[in-house]
Amino acid sequence: MEETLRELPKKAKDKHNEHKKYFAKLKKKPPKNLDSIMVELHDAEFAKTDCLTCANCCKTTSPIFTAKDIQRIAKHFRIKEQRFIEIYLEVDEDNFHVLKSAPCTFLADDNTCSIYDVRPKACAEYPHTDRRDFHKISEITLKNTAICPATFNIVEAMRKAVDVGMNSKGAKERFNGGRH
């Protein structure tokens, strides 16, 4: 996994423009069944991906903590919400609450999460590749290809499964129930 994580930023950078063009076309005319395709691609990737061997997301980025996340986690720690914010969070340039430091304060040495049952919604949904209206989150997906090996693999699989007209065959969708 270390080698994969070492190579991932370069792989993502090398494919960035290609992926960006793909997402631009996808956004203009997403297939009607894109969300179901993404769920299948997401499930297929995570059937063979063990996040506990990686945890790069937890080691390098911070989720956004919503008011509900802060309330739930503070309650878990039996402290006041303001105290939780003071101890663990800061406000970023977009005015969101994020962790003060990386890796995540709640990440254990074995890559497990000490607050897994009450973790932020952003953590529970990461890397968002099975999200409804997937075509609307291309910017975050592009960013995540450099952080999460599974996201990179899902985007590559998506490009094979959903043709948006970037090759000579035209804009014909080639996805057939999980079989390519």
Side-chain angles (χ1 to χ4, degrees), residues 1 4-5 7-69 72 94 96 98 104 111-113 115-180:
M1 180 54 66
T4 299
L5 291 176
E7 294 171 354
L8 186 61
K10 182 180 179 345
K11 280 175 62 175
K13 185 179 178 187
D14 291 348
K15 293 275 190 166
H16 181 81
N17 288 338
E18 215 174 296
H19 288 166
K20 192 172 180 175
K21 286 177 189 173
Y22 177 84
F23 279 120
K25 286 200 173 250
L26 184 72
K27 215 173 196 176
K28 285 181 184 172
K29 194 165 191 246
K32 287 181 180 149
N33 61 341
L34 180 62
D35 289 344
S36 61
I37 292 169
M38 293 312 300
V39 167
E40 286 190 39
L41 294 174
H42 174 93
D43 290 350
E45 180 62 31
F46 283 99
K48 61 185 179 189
T49 298
D50 178 8
C51 292
L52 293 177
T53 65
C54 179
N56 199 41
C57 52
C58 305
K59 294 173 183 173
T60 62
T61 62
S62 173
I64 292 169
F65 285 73
T66 66
K68 285 183 180 181
D69 294 331
R72 183 178 60 255
D94 296 320
F96 291 118
V98 296
C104 177
N111 289 341
T112 58
C113 175
I115 60 166
Y116 188 80
D117 292 335
V118 294
R119 69 195 185 278
K121 180 181 178 196
C123 295
E125 294 178 353
Y126 192 86
H128 315 287
T129 48
D130 61 347
R131 189 170 136 178
R132 290 184 67 202
D133 294 324
F134 175 79
H135 65 282
K136 294 180 180 177
I137 60 162
S138 57
E139 294 83 14
I140 191 71
T141 303
L142 274 172
K143 185 177 177 184
N144 288 343
T145 61
I147 298 165
C148 174
T151 303
F152 184 89
N153 294 341
I154 290 166
V155 169
E156 287 294 296
M158 178 180 64
R159 291 180 62 221
K160 291 175 185 158
V162 182
D163 185 347
V164 294
M166 290 184 62
N167 61 29
S168 60
K169 294 180 182 176
K172 186 176 183 184
E173 186 178 324
R174 297 178 293 168
F175 192 86
N176 184 10
R179 295 178 300 276
H180 306 284

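All residue numbers refer to positions in the sequence shown, counting from 1. What you see is a predicted model, and the numbers here were worked out from it, not measured in a lab.
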Measure across [X] and [Y] and return the closest heavy-atom pair with its distance rounded to 0.1 Å.
X: I147; Y: C57; value: CG2-CA, 3.8 Å
X: L41; Y: I154; value: O-CG1, 4.1 Å
X: P31; Y: L26; value: CD-CD1, 3.8 Å
X: N144; Y: P127; value: ND2-O, 3.7 Å
X: T129; Y: F46; value: OG1-CE1, 4.3 Å
X: K59; Y: C54; value: NZ-O, 3.2 Å

Can you list the residues that meet the salt bridge (Lys or Arg N to Asp or Glu O under 4.0 Å) rule with [X], with sequence neighbours excluded?
X: K48; value: E45
X: E125; value: K121
X: D133; value: K136

Next item on the list: State the CE-CD distance between M158 and E40, to the nearest 0.5 angstrom.
Entry: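 One finds 14.5 Å between CE of M158 and CD of E40.
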Next item on the list: State the CZ-SG distance between R119 and C104, to the nearest 0.5 angstrom.
Entry: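 Answer rounded to 0.5 Å: 11.5 Å.
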Checklist line | Criterion side chain to side chain contact (heavy atoms under 4.5 Å, CB included) against Y22, the qualifying member of V155, D163, V162 | finding: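 The side chain to side chain contact (heavy atoms under 4.5 Å, CB included) with Y22 is passed solely by V162 among V155, D163, V162.
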Pairing residues for [X] by the side chain to side chain contact (heavy atoms under 4.5 Å, CB included) criterion, not counting sequence neighbours:
X: D130; answer: V39, H42
X: K20; answer: H16, L142
X: I137; answer: H128, R131, F134, I140, T141
X: D14; answer: K10

Item checked: Side-chain heavy-atom pair K15, R159 within 4.5 angstrom cut-off ->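 Yes, side chains in contact.
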Margin query: Do P149 and T49 make a side-chain contact, defined as non-hydrogen atoms from C-beta onward lying under 4.5 Å apart?
Written below: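 Not in contact.
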Report the residues that fulfil side-chain hydrogen bond (donor to acceptor under 3.5 Å, both in side chains) with [X], sequence neighbours left out, ordered by chain and then residue number.
X: T66; value: D69
X: K27; value: E139
X: T4; value: none

Margin query: Test side chain to side chain contact (heavy atoms under 4.5 Å, CB included) on C51 and Y126; report intermediate values, then the result.
Written below: CA-CA 11 Å; C51 292; Y126 192 86; over 6 Å; no
Note to self: What verdict does the side chain to side chain contact (heavy atoms under 4.5 Å, CB included) test give for N111 and T53, after you've listed the backbone C-alpha separation in whole Å, the side-chain angles of each residue and the deciding distance to 0.1 Å?
What the structure shows: CA-CA 7 Å; N111 289 341; T53 65; 6.0 Å; no
Check: Quick check: does any side chain N or O of D50 sit under 3.5 Å from a backbone N or O of L52, one acting as donor and the other as acceptor?
Finding: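 Side chain of D50 to backbone of L52, a donor-acceptor pair under 3.5 Å: yes, one is there.
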Notebook entry, point to check: Sequence neighbours excluded, which residues qualify as ring pair (Phe, Tyr, Trp, His ring centres under 6.0 Å) partners of H135?
Noted result: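 Residues passing ring pair (Phe, Tyr, Trp, His ring centres under 6.0 Å) with H135: none at all.
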